[in-house]
J.: 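Before we start, here is the structure in question, set down as C-alpha cells.
Numbering of ligands and ligand atoms starts at 1, following listing order.
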Amino acid sequence: MTHRSFEFTHALCRTPALSVTDGLRATDQGDPDPLVFAAEHAAYVSALRDAGCDVTVLPADDSFPDSVFIEDPALVLNGVAIVLRPGADSRIGEAAALRPALLETMADVVDLQTDGFVDGGDILCTDDRVLLGLSARTTAQGAEDLRPLVEAQGYRLDILQTPPEILHFKTESSLLDHETVLATPKLAASGAFQGLNVIETPHGEEAAANAIRVNNDVFVSAGYPRTADLLDQAGYAVKVLNTSQAALVDGGLSCMSLRYSLALAA
Ligand code: CIR
C-alpha cells in the first residue's frame with residue numbers, strides 16, 4: 001500500500017499553556033513569553049488553514065507545560081491515532097490527557113502498550129515507511145512494541161539511531177516530498193535516509209531542518225534565509241513562520257500539530 005505522506009485534510013493543535021515558561025529545555029536561553037508564543041501559534045494555525053487543513057485547536061492545558069507540542073504524545077497513520085508513551089517524566093501524562101480529543105477527531109484510536117517510551121517527534125513518515133529514531137525519549141522496547149501497530153496500517157517500521165546530542169529525530173529532519181527529506185548533515189551522515197534524496201541544511205542553519213510539508217506548502221522557521229532560498233530554488237512553495245518562542249523550549253514547526261487525513265483514510 002502506498003500512502004500520501006504530506007497530503008492532509010485536518011490538523012489538531014493545542015493552544016500554548018501559560019505554564020510553557022516551565023517547559024523542558026536542554027539549555028536555558030530565557031523563558032518564552034506566553035503572549036508572543038500565542039501570537040506565533042495563531043499564525044501557525046492560520047498557515048495550516050491556508051494550506052488546506054481543517055484545524056481543531058484544543059484549549060491550553062496548564063498542567064502540562066509542554067502540551068503545545070502535541071506531536072509527541074500521538075502518531076496518526078491513515079486517520080488512526082496511536083496514543084504513544086512520551087519519554088519525559090513531565091510529559092508522560094499528556095498521552096492520557098490527549099486521548100479524549102483523539103476519540104472525537106480521528107477515525108479510530110489505538111493505544112501503544114509498552115513499558116518503554118516513544119515520542120512522536122522521533123517519527124518521520126514517508127509514503128511507505130515509518131522512520132523511528134531511538135533517542136533519550138524513545139527506547140528500543142517502545143519502538144518494538146510500536147511495530148505491529150505501524151504494520152497494521154500498511155507501513156514498514158525502520159528503527160534507527162538519533163545521534164546523541166539531538167533531542168528528537170525530527171528536530172533535524174523533515175519530509176519534503178515523496179522521495180526527498182531535508183536534514184542536517186549530522187543526521188544525514190547517520191545513514192538514516194536510505195533510498196531517499198537528502199537536501200542538507202546549510203552550515204549554521206541546522207535548526208531549519210524541522211520544517212513541515214503540508215499539501216503544497218513547505219513551512220520553514222524564520223531566521224534561516226539560506227535554507228528558504230535553497231528550498232525555493234528546488235521548486236518548493238516556501239512559507240516562513242516565526243517559531244522564536246517554541247525554539248526557547250526546544251520546539252519547532254512539526255511538534256505543534258498532528259496532521260492527518262480523513263478523506264484518504266482506508
Ligand atoms: C520537550 O523537551 O519535550 C519540549 N520542551 C519540546 C518538544 C519538542 N517536540 C518535538 O521536537 N517533537
J.: Please work out which of D119, D66, L248, V20 has its closest non-hydrogen atom nearest to atom 4 (C) of ligand 1.
T.: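 Closest candidate by heavy-atom distance is D66.
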J.: Which protein heavy atom lies closest to atom 12 (N) of ligand 1, and at what distance to 0.1 Å?
T.: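 Result: D72 OD1, 2.8 Å.
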J.: Counting non-hydrogen protein atoms only, what is the nearest one to atom 2 (O) of ligand 1? Give residue, atom name and distance.
T.: R137 NH2, 2.9 Å
J.: For the atom pair CG (L132) and CG (L75), what is the distance rounded to the nearest 0.5 Å?
T.: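 Reported to 0.5 Å precision, the distance equals 9.0 Å.
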J.: To the nearest 0.5 Å, how far apart are CE in M106 and CD1 in I82?
T.: 11.5 Å
J.: May I ask whether R91 has any heavy atom positioned less than 4.0 angstrom from an atom of ligand 1?
T.: yes
J.: Between atom CZ of R156 and atom CG of L131, what is the distance when rounded to the nearest 0.5 Å?
T.: 8.5 Å
J.: Identify, for atom 8 (C) of ligand 1, the protein heavy atom at the shortest distance, and state residue, atom and that distance.
T.: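 Ranked first by proximity to atom 8 (C) of ligand 1 is D250 O, 3.5 Å.
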J.: Test of understanding: given a 4.0 Å heavy-atom threshold, classify the contact between L24 and ligand 1 as side chain, backbone, both, or neither.
T.: both
J.: Measure the distance from atom 6 (C) of ligand 1 to every protein heavy atom, then report the residue, atom name and distance (to 0.1 Å) of the closest one.
T.: V249 O, 3.2 Å
J.: Which protein heavy atom lies closest to atom 10 (C) of ligand 1, and at what distance to 0.1 Å?
T.: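 Residue, atom and distance for the closest contact: H168 ND1, 3.1 Å.
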J.: Apply salt bridge (charged side-chain N to carboxylate O under 4.0 Å, His left out) to D50 and K239, showing your working.
T.: CA-CA 11 Å; D50 291 346; K239 181 154 209 167; 3.6 Å; yes
J.: Quick one: CD on E200 to CD on E206, what's the gap to the nearest 0.5 Å?
T.: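 One finds 10.0 Å between CD of E200 and CD of E206.
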J.: Check for me whether the distance between the ring centres of F219 and F6 falls short of 6.0 Å.
T.: no
J.: So is E71 touching ligand 1 or not, going by heavy atoms under 4.0 Å?
T.: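 Distance cut 4.0 Å: E71 passes for ligand 1.
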J.: Hey, what do you get for OH (Y44) to OG (S221), rounding to the nearest 0.5 Å?
T.: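 Atom-to-atom, Y44:OH and S221:OG are 9.5 Å apart.
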